> 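Take this structure, written in structure tokens, and hold onto it; I'll ask about it next.
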Amino acid sequence: MNSAQLVVAIDGTSGSGKSSTSRGVAARLGLRYLDTGAMFRAVTWWLLREGVDVHDTDAVAARVHEPAILVGTDPAGPGIMIDGVDVAVAIRTDEVNAAVSPVSVVPAVRSRLLELQRDIIGSGGIVVEGRDIGSVVWPDAQVKVFLTADPAARAARRAAEEGGSDLTATEQSLLNRDQIDSGRATAPLVRADGAVEIDSTTASLEEVIAQVVGLAESVEATA
């Protein structure tokens, strides 16, 4: 196998370091990068802009096929556009954060984005991050990782990213998201068969990246 065929699936809990790890691995190996979470956020942003009640499953399902979604795959600056609008910054707002969970559990949303994700992954040579990549989106990924960290460590990282938000509130928010992701009927957050679990609680980002790169290089060497 060469790198052009390789698919690295990195799943895990919110705040465990999936994005930084995935981008770092992609850059190190010269692969493309896909942030599937950004796709759900982009749809959420669009629904909010259109005035759709994100808690109304039928209303969300009726509109989800309308927007055009274009996802970048450069790990140095992936970007994402929806209906021609660059939303890379807009999808990280508190408003979108609060609305993405109810949107992400709607089966019609997951079905639409699953098709787009598989189209992007299909040509190989990519690191993909999310919550159901190894289990649902691309179960044939040659490398599967399940990234975890204890809630306190995840909350500290997320609070730092958000400019020093309240740790207790941040931790509770992450735990609530875990419960929603793990309990949803469609594509719940699980450790995929064959996935290597990496606990990033005490490991540095570089150490985690090195572990995943090592897994990928082992697969390439033995293929």
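Since this is a predicted model, take the numbers as computed values, not measurements.
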> More than 12 foreign heavy atoms under 6.0 Å from CG of Asp119: is that the case here?
yes

> Side chains of residues 46-53: which donor-acceptor partners sit under 3.5 Å, not counting sequence neighbours?
residue : atom : partner : partner atom : Å
Trp46   : NE1  : Asp83   : OD2          : 3.0
Glu50   : OE1  : Arg63   : NH2          : 3.0
Asp53   : OD1  : His55   : N            : 3.0

> How many angstroms lie between CG in Leu34 and CD1 in Ile10, if you round to the nearest 0.5 Å?
11.5 Å

> Over all heavy atoms of both residues, which pair between Arg23 and Pro78 is shortest? Give the atoms and the distance, please.
NH2-CD, 3.6 Å

> Spell out, as yes or no, whether a donor-acceptor pair under 3.5 Å connects the side chain of Thr13 to the backbone of Ser16.
no

> Enter the distance from Glu206:CD to Thr21:OG1 here, rounded to the nearest 0.5 Å.
9.5 Å

> Has Lys144 got a side-chain atom pairing as donor or acceptor with Ile133's backbone, closer than 3.5 angstrom?
no

> What's the spacing between Ser22 OG and Asp35 CG if we round to 0.5 Å?
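The distance works out to 8.0 Å.
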
> Would you say Val143 and Val208 are hydrophobically clustered, going by side-chain heavy atoms of ILVMFWY under 4.5 Å?
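Val143 and Val208: one cluster.
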
> How far apart are the closest heavy atoms of Arg28 and Ile209, and which atoms are they?
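For Arg28 and Ile209, the tightest heavy-atom pair comes out as NH2-CG2, 3.4 Å.
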
> Would you check if there is a donor-acceptor pair between the side chains of Arg32 and Ser123 at a distance under 3.5 Å?
yes

> How close do Ala42 and Ile82 get, counting heavy atoms only, and between which atoms?
O-CD1, 3.4 Å

> Where is the tightest heavy-atom contact between Lys18 and Asp11, given as atom of each residue plus distance?
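Heavy-atom minimum between the residues: CD-C, 3.6 Å.
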
> Over all heavy atoms of both residues, which pair between Val64 and Val43 is shortest? Give the atoms and the distance, please.
CG2-CG1, 4.0 Å

> For the side-chain contact (heavy atoms from CB on, under 4.5 Å) test, which of Val71, Leu114, Ile91 pairs with Met39?
Val71

> Should Trp45 and Leu116 be regarded as members of a common hydrophobic cluster, given that ILVMFWY residues are connected when their side-chain heavy atoms come within less than 4.5 Å of each other, either directly or indirectly?
yes

> Provide the closest heavy-atom pair for Val136 versus Pro139 in the form atom of the first, atom of the second, distance.
O-CD, 3.4 Å

> Taking atom CD of Glu197 as the centre, does the number of heavy atoms from other residues, nucleotides or ligands within less than 6.0 Å exceed 12?
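Count over threshold, so yes.
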
